[in-house]
Student: 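Below is a structure I'd like to ask you about.
Source: prediction; values computed, not measured.
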Amino acid sequence: MAAGSPAVDIVVLNWNGREDTLDCLASLSKSTYPYCRVIVVDNGSADGSVAAIRAAFPTVEVLETGKNLGYAGGNNVGIRHALDRGTDFILLLNNDTVVAADLIESFVTLSLRTSSDDVLGAKIYYFDKPEILWFAGARWHSPALNFVIDGIGQADSDEYSQVRDADYITGCALFASAATFRQVGLLDERYFLTYEETDWCYRARGAGHRCIVVPQARLWHKVSSSFGGESSPLVTYFMTRNRLFWARHHCSASDMRAIRRETWQRVRQVVLPEIVIPTGSDSVVRRFVWALLTWWREFRRRIGSPHNRAVLYAVRDYYLGRLGDCGQPIRRLSKRPN
């Protein structure tokens with residue numbers, strides 16, 4: 001590295017995402033910032049990713065974990081490696097992204113101009129709608145018991161052209177100094193997927209670091225390719241379980257109680273459909289039997305929905321303390337028709 005120029009290690013996690021990862025690496029190869037190194041962490045892919053990456057990008061370092069460690073575990077392998085070799089900054093970057101050539105330069109420039117202790121994020125667009133925003137910041141909104149994502153679904157505008165604080169930076173592109181990672185620690189592997197970067201950012205903010213969206217840092221996201229889409233039952237499972245786990249550590253007591261009530265209300269809607277006894281000239285017994293049969297059909301319909309079953313599994317596993325990866329029955333839900 002040139003004297004005085006900070007080194008940036010870019011950690012790209014791959015799990016059976018060969019084509020996405022190759023596209024991402026191709027965009028990184030055009031970076032205007034020369035003092036960066038790319039580390040691909042492969043989470044036990046079976047699609048030929050490792051051989052394809054090494055053939056197309058021989059200077060990229062590939063670390064093979066041998067199995068799926070999840071987003072948190074896989075990225076932690078890359079973070080440890082980057083810290084051990086003495087980098088200055090680390091960028092966690094989703095493999096299903098294509099970055100602007102000046103992405104790294106924009107992060108480094110702001111870090112050198114302000115505080116290198118800040119956690120920085122990018123302005124992110126949908127890959128298939130390149131002028132439409134997917135992320136320009138996030139704020140916890142207690143009345144909704146969820147985060148409000150700034151800009152999502154909107155065309156870019158001057159409103160999103162200023163540096164802005166956020167409650168968390170999405171792990172799609174999270175840039176922080178090595179010193180910050182050493183102070184805050186690694187991603188919590190109990191999350192496995194989703195909310196781990198939110199947890200990390202809240203821990204960072206608790207340690208005095210700001211989370212900031214840098215509008216000059218731009219990239220385009222293909223959106224949850226590893227999940228099979230944002231509406232996958234696998235997403236439903238991890239978002240439901242990990243939201244409860246995250247809220248227990250970072251939400252107010254009143255918000256946590258409300259999230260639990262909301263979750264149990266959803267469970268009751270699945271397993272306890274309303275029994276409606278119809279009016280009419282038939283006997284009470286016949287009308288009651290008809291109501292029970294109707295209830296049973298509705299119960300089976302609801303319990304058969306992959307998304308509803310994902311919610312039930314998620315709530316069960318949260319209360320039993322089953323964190324980390326999910327079981328195969330849950331993964332199979334994503335292969336079933338809705």
Student: List the steps and the verdict of salt bridge (Lys or Arg N to Asp or Glu O under 4.0 Å) for Glu61 and Arg85.
Tutor: CA-CA 13 Å; Glu61 189 169 9; Arg85 69 180 183 184; 2.7 Å; yes
Student: Check this for me: Phe288, atom CZ, are more than 12 non-hydrogen atoms of other residues, nucleotides or ligands nearer than 6.0 Å?
Tutor: no
Student: Would you mind reporting whether Ile90 and Phe175 have side-chain heavy atoms less than 4.5 Å apart?
Tutor: no
Student: Quick one, Asp9 and Cys36 - any side-chain contact, counting heavy atoms below 4.5 Å?
Tutor: no
Student: Donor-acceptor pair, distance only, cut-off 3.5 Å: does the side chain of Trp200 make one with the backbone of Leu187?
Tutor: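 Not a single qualifying donor-acceptor pair exists.
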Student: Side-chain contact test, heavy atoms from C-beta onward, threshold under 4.5 Å: evaluate it for Leu244 versus Thr263 and give yes or no.
Tutor: yes
Student: Is a side-chain donor or acceptor of Arg203 paired with a backbone partner of Val184 at a separation under 3.5 angstrom?
Tutor: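 Looks like yes, one N/O pair under 3.5 Å.
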Student: Please check this pair: side chain of Asp118 against backbone of Leu120, looking for a donor-acceptor N/O pair closer than 3.5 Å.
Tutor: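 No, the answer is negative, given that no donor and acceptor are paired below the 3.5 Å cut-off.
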Student: Begin with the C-alpha distance, continue with both residues' side-chain angles, and end with the deciding distance and a verdict on side-chain contact (heavy atoms from CB on, under 4.5 Å) for Val163 and Val213.
Tutor: CA-CA 6 Å; Val163 171; Val213 176; over 6 Å; no
Student: Listing request: all salt bridge (charged side-chain N to carboxylate O under 4.0 Å, His left out) pairs with a residue in residues 129-154, at least two apart in sequence or in separate chains.
Tutor: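 For residues 129-154, and leaving out neighbouring residues, the salt bridge (charged side-chain N to carboxylate O under 4.0 Å, His left out) pairs sorted by first residue read Arg139-Asp150, Asp150-Arg164.
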Student: Does Tyr125 share a hydrophobic cluster with Ile104, counting links as ILVMFWY side-chain heavy atoms below 4.5 Å and allowing steps through other members?
Tutor: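 As far as the 4.5 Å side-chain criterion goes, Ile104 and Tyr125 are not connected within one cluster.
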Student: Is there a path of hydrophobic side-chain contacts, each under 4.5 Å between heavy atoms of I/L/V/M/F/W/Y residues, joining Val223 to Val98?
Tutor: no
Student: For Asn14, is there any backbone N or O sitting under 3.5 Å from a side-chain donor or acceptor partner on Asn43?
Tutor: no
Student: Using the side chain to side chain contact (heavy atoms under 4.5 Å, CB included) definition, which of the options Val99, Val11, Leu103, Leu174 pairs with Leu91?
Tutor: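 Testing each of Val99, Val11, Leu103, Leu174 against Leu91, the sole residue satisfying side chain to side chain contact (heavy atoms under 4.5 Å, CB included) is Leu103.
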Student: So, taking the atom named CG in Leu186 and the one named CD1 in Ile79, what distance separates them when rounded to the nearest 0.5 Å?
Tutor: 5.5 Å
Student: Check Arg302 with Glu298, please: is the shortest side-chain N to carboxylate O separation under 4.0 Å?
Tutor: yes
Student: Do Asn75 side-chain atoms and Tyr71 backbone N/O form a donor-acceptor pair below 3.5 Å?
Tutor: yes
Student: What's the spacing between Tyr160 OH and Gln154 CD if we round to 0.5 Å?
Tutor: 3.5 Å
Student: Below 6.0 angstrom between ring centroids: does that apply to Trp246 and Tyr168?
Tutor: no
Student: Whether the Asp42 and Ser49 side chains hold a donor-acceptor pair (N or O, under 3.5 Å, no angle test) is what I'd like checked.
Tutor: no
Student: For the rings on Trp140 and Phe147, is their centre-to-centre separation under 6.0 Å?
Tutor: yes
Student: Is the number of heavy atoms from other residues, nucleotides or ligands within 6.0 Å of CZ (Arg286) greater than 12?
Tutor: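 Incorrect, the count does not exceed 12.
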Student: Salt bridge or not between Lys123 and Asp156? Use side-chain N to carboxylate O under 4.0 Å.
Tutor: yes
Student: Could you list all the side-chain hydrogen bond (donor to acceptor under 3.5 Å, both in side chains) pairs where at least one residue sits in residues 100-109, not counting sequence neighbours?
Tutor: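 Counting only pairs at least two positions apart or across chains, the side-chain hydrogen bond (donor to acceptor under 3.5 Å, both in side chains) contacts touching residues 100-109 are Thr32-Glu105.
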Student: What heavy-atom pair brings Arg331 and Asn68 nearest, and what distance separates the two atoms?
Tutor: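 Answer, listing the atom of Arg331 first, then Asn68: NH2-ND2, 3.8 Å.
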Student: Is it true that Asp317 and Arg241 make a salt bridge, defined as a side-chain N closer than 4.0 Å to a carboxylate O?
Tutor: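 Not counted as a salt bridge, because no side-chain N and carboxylate O are separated by less than 4.0 Å.
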Student: Verify, without hydrogens or angle tests, whether Thr87 (side chain) and Leu83 (backbone) share a donor-acceptor contact under 3.5 angstrom.
Tutor: no
Student: Strictly below 4.0 Å, N to O, side chains only: are Asp84 and Arg80 in salt-bridge contact?
Tutor: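 The answer is no: the pair does not qualify as a salt bridge.
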Student: If you measure from the Lys or Arg side-chain nitrogens to the Asp or Glu carboxylate oxygens, is any gap between Lys222 and Asp23 under 4.0 Å?
Tutor: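 A salt bridge links Lys222 with Asp23.
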Student: Minimum heavy-atom separation for Gly121 and Ile169, please, with both atom names.
Tutor: CA-CG2, 3.4 Å
Student: Could you state the interatomic distance from CD1 (Ile39) to CZ (Arg37), rounded to the nearest 0.5 Å?
Tutor: 7.0 Å
Student: Mark yes or no for whether Asp88, through its side chain, and Ala7, through its backbone, hold a donor-acceptor pair below 3.5 Å.
Tutor: yes
Student: Between Trp134 and Trp220 (side chain of the first, backbone of the second, donor and acceptor by atom type, cut-off under 3.5 Å), is there such a pair?
Tutor: no
Student: Specify the closest pair of heavy atoms between Asn95 and Gly17, including all atoms of both residues, with the distance to one decimal.
Tutor: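 That would be ND2-O, 3.7 Å.
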Student: Within the structure provided, determine whether Cys326 and Phe192 are in side-chain contact (heavy-atom separation under 4.5 Å).
Tutor: no
Student: Take His221 and Thr97, measure what side chain to side chain donor-acceptor pair (under 3.5 Å) needs, and give me the verdict at the end.
Tutor: CA-CA 4 Å; His221 185 207; Thr97 61; over 6 Å; no
Student: Out of curiosity, does Val77 fall in the hydrophobic cluster containing Val12 (side-chain heavy atoms, cut-off under 4.5 Å, transitive links)?
Tutor: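 Yes; Val77 is reachable from Val12 via cluster members.
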Student: Mind checking whether Leu112 and Ile212 sit in one hydrophobic cluster, side chains of I, L, V, M, F, W, Y counted as touching below 4.5 Å?
Tutor: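 Yes, Leu112 and Ile212 fall within the same hydrophobic cluster.
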Student: Under 4.5 Å between side-chain heavy atoms, hopping through other hydrophobics if needed: is there a path connecting Val148 to Ile132?
Tutor: no
Student: Contact between Leu219 and Asn94 at the side-chain level, heavy atoms closer than 4.5 Å - yes or no?
Tutor: no
Student: Under a 3.5 Å threshold, yes or no: a donor from one side chain and an acceptor from the other, between Asp199 and His250?
Tutor: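 Yes, side-chain donor-acceptor contact under 3.5 Å.
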Student: Just by modelled atom types, is the Ser116 backbone N or O under 3.5 Å from a matching donor or acceptor in the Ser177 side chain?
Tutor: yes
Student: Quick one: does Asp255's side chain get under 4.5 Å of Leu145's, heavy atoms only?
Tutor: yes
Student: Is there a side-chain contact between Glu262 and Arg243 in this structure, where contact means two heavy atoms from C-beta onward sitting under 4.5 Å apart?
Tutor: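 Glu262 vs Arg243: side chains touch.
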Student: Any chance you could measure His209, atom NE2, to Arg205, atom CZ, to the nearest 0.5 Å?
Tutor: 12.5 Å
Student: Tell me if the centroids of the rings in Tyr35 and Tyr33 come within less than 6.0 Å of each other.
Tutor: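 They qualify: ring centres under 6.0 Å apart.
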Student: In sequence, state the C-alpha distance, the side-chain angles, and the governing distance for Ile53 and Leu22, and then conclude on side-chain contact (heavy atoms from CB on, under 4.5 Å).
Tutor: CA-CA 7 Å; Ile53 292 165; Leu22 290 173; 4.1 Å; yes
Student: Are more than 12 heavy atoms from other residues, nucleotides or ligands located less than 6.0 Å from atom CZ of Arg248?
Tutor: yes
Student: Could you pull out the closest heavy-atom pair between Gly44 and Thr65, with the gap in Å?
Tutor: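 That would be N-OG1, 3.7 Å.
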Student: What do the steps show when you test Arg54 against Val60 for side-chain contact (heavy atoms from CB on, under 4.5 Å), and what is the final call?
Tutor: CA-CA 7 Å; Arg54 285 179 170 150; Val60 168; over 6 Å; no
Student: Less than 4.5 Å apart, side chain to side chain, heavy atoms only: is that true for Val214 and Phe107?
Tutor: yes
Student: Walk me through whether Val311 and Tyr237 qualify under side-chain contact (heavy atoms from CB on, under 4.5 Å).
Tutor: CA-CA 6 Å; Val311 169; Tyr237 171 82; over 6 Å; no
Student: Give, for atom CG of Asn16 and atom CD of Glu19, the distance between the pair rounded to the nearest 0.5 Å.
Tutor: 12.0 Å
Student: Can you measure from CZ (Arg261) to CE (Met256) and round to the nearest 0.5 angstrom?
Tutor: 11.0 Å
Student: Quick one: does Ser161's side chain have a donor or acceptor within less than 3.5 Å of a partner on Ser157's backbone?
Tutor: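 Checked: pair present.
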Student: Is the distance between the ring centroids of Phe245 and Tyr195 less than 6.0 Å?
Tutor: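 Centroid separation for Phe245 and Tyr195: 6.0 Å or greater.
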